Number of protein chains: 2
Amino acid sequence: MNTTQRVSEILTTYGIRPSIQRVGIYDYLLTHRTHPTVDEIFSHLSPAMPTLSRTTIYNTLTLFASKGAIMVLNIEEKSQRFDAGIKPHAHFLCTECDKIFDFPQPLVQLDEQIMRDFEIVETQIYYKGICKTCKKNHL
Amino acid sequence: MNTTQRVSEILTTYGIRPSIQRVGIYDYLLTHRTHPTVDEIFSHLSPAMPTLSRTTIYNTLTLFASKGAIMVLNIEEKSQRFDAGIKPHAHFLCTECDKIFDFPQPLVQLDEQIMRDFEIVETQIYYKGICKTCKKNHL
DNA sequence: GTATCTGCAAAACATTTGCAATTCT
DNA sequence: AGAATTGCAAATGTTTTGCAGATAC
């Protein structure tokens with residue numbers, strides 16, 4: 001089974017019809033786990049799909065998110081980032097080199113009363129600081 | 001001691017010179033714990049300070065954040081929100097009414113090795129879901 | 001009097017919207 | 001054909017920038 005077929009099946013699982021663009025975008029997210037911005041996705045896919053537009057990428061990502069196929073990250077002020085997540089994980093943003101790292105999702109225990117009052121759909125944990133490499137370069 | 005003096009002292013503690021605008025903005029953040037956007041701050045302070053500009057609010061908030069006097073929230077996609085935080089706390093965004101609630105900061109325990117490799121300056125925890133009031137209105 | 005701070009106007013971006021053309025079934 | 005999807009061009013909204021005038025030390 002080739003890549004396109006495999007990605008198509010995943011999208012179908014989420015109730016998303018697999019168009020060429022959707023498969024391309026989802027495949028990109030799966031193979032480039034760099035939490036790309038819309039622009040990065042556009043720049044990488046554009047050469048192979050010359051007619052692809054930013055609008056379609058926005059449409060597609062909004063659709064993916066609404067179906068739960070991807071996670072939208074707001075760790076960075078300027079623009080949203082996207083993650084075709086397997087299992088939930090936390091994110092670390094290095095304020096020096098702007099790279100985003102995946103961290104294991106720590107267990108967070110909420111108050112019983114809050115759990116009763118609020119229906120929690122999603123939990124995002126963002127760390128900010130200096131990454132290993134940038135720490136070294138400071139020395 | 002009046003409010004202006006008290007706020008001025010706090011700003012001085014952070015190494016920020018207390019101008020009229022800065023004191024006004026910081027005081028607003030302290031007394032309105034609504035995680036306001038730049039626009040909300042502007043709308044509320046503008047009548048009392050007619051010459052105040054959005055640019056100054058941006059400048060000021062950037063300065064505050066760099067000195068650690070406030071926290072920048074990116075829980076909402078559209079615009080940044082600000083918090084003159086006393087102690088660290090988590091945030092809950094109701095996707096129904098768009099209100100933001102303060103939650104107690106749960107203890108998150110990170111892997112020893114990660115703690116050694118990364119210098120973590122800030123931890124933000126965002127919950128999204130349906131708040132108490134909106135849950136009731138669904139029934 | 002020099003450095004800092006403010007604020008206008010314009011620019012820069014990211015994202016959304018309206019709509020016509022295209023594609024799929 | 002009819003519904004869903006794509007993508008151009010224009011609009012919107014937030015944040016940034018350049019710079020001149022005002023303020024503080």
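Keep in mind that this is a model prediction, so the values were computed, not measured. Chain letters run A, B, ... following the sequence lines, proteins first and then strands; every chain starts at 1. Values below: all heavy atoms of this structure, side chains included; hydrogens, waters and symmetry mates excluded.
Atom-to-atom, CD1 of A:I57 to P of D:dT5 comes out at 17 Å; the value is rounded to the nearest Å. Going from atom CE of B:M49 over to atom C1' of C:dC5 covers 12 Å, rounded to whole Å. Per the geometry, CZ belonging to B:R22 stands 11 Å off C1' belonging to D:dA24, to the nearest Å. Between B:I25 atom CD1 and C:dT6 atom C1' the separation is 11 Å, expressed in whole Å. Protein atom CG of B:L63 is 9 Å distant from nucleotide atom P of C:dT6, rounded to whole Å. In this structure, B:L61 places its CG atom 14 Å from C1' of C:dT6, rounding to the nearest Å. Rounded to whole Å, atom P of C:dC13 lies 14 Å from atom CD of A:E76. Remark: C1' of C:dT15 and CD1 of A:I41 are 14 Å apart, rounded to the nearest angstrom.
Qualifying side-chain hydrogen bond (donor to acceptor under 3.5 Å, both in side chains) partners for A:K99, counting only residues two or more places apart in sequence or in other chains: none.
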Review item, nucleotides 13-23 of chain D N/O atoms under 3.5 Å of protein N/O:
unit_1: D:dT15; atom_1: OP1; unit_2: B:Q80; atom_2: N; d: 2.9
unit_1: D:dT15; atom_1: OP2; unit_2: B:Y58; atom_2: OH; d: 2.6
unit_1: D:dT15; atom_1: O5'; unit_2: B:Y58; atom_2: OH; d: 3.2

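Toward the 5' end of DNA chain D, the nearer of the two residues B:R17 and A:P50, judged by each one's closest nucleotide, is A:P50.
Look at B:R6 and B:D27 and you find no salt bridge, because none of the NZ, NE, NH1 or NH2 atoms lies under 4.0 Å from a carboxylate O.
When the nucleotides D:dG7, C:dT6, D:dT6 are ranked by their closest atom to the side chain of A:T51, D:dG7 comes out on top.
A pairwise comparison of heavy atoms in A:T95 and A:K128 identifies CG2-CB, 4.3 Å as the closest pair.
A 4.5 Å side-chain heavy-atom check between B:Y58 and B:F42 finds every atom pair outside the cut-off.
The aromatic rings of A:H35 and A:H91 stand perpendicular to each other, their planes meeting at an angle above 60°, with 30° marking the opposite boundary. The aromatic rings of A:F103 and B:F118 lie perpendicular to each other, with more than 60° between the two planes, well past the 30° mark.
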Donor-acceptor contacts, no H, no angles, side chain residues 67-79 of chain A, under 3.5 Å, sequence neighbours left out:
none

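Looking at heavy-atom distances under 4.0 Å, A:S19 makes contact with sugar-phosphate atoms alone, never a base.
Put simply, B:Q21 has a side-chain N or O that comes within less than 4.0 Å of OP1 or OP2 on C:dG7.
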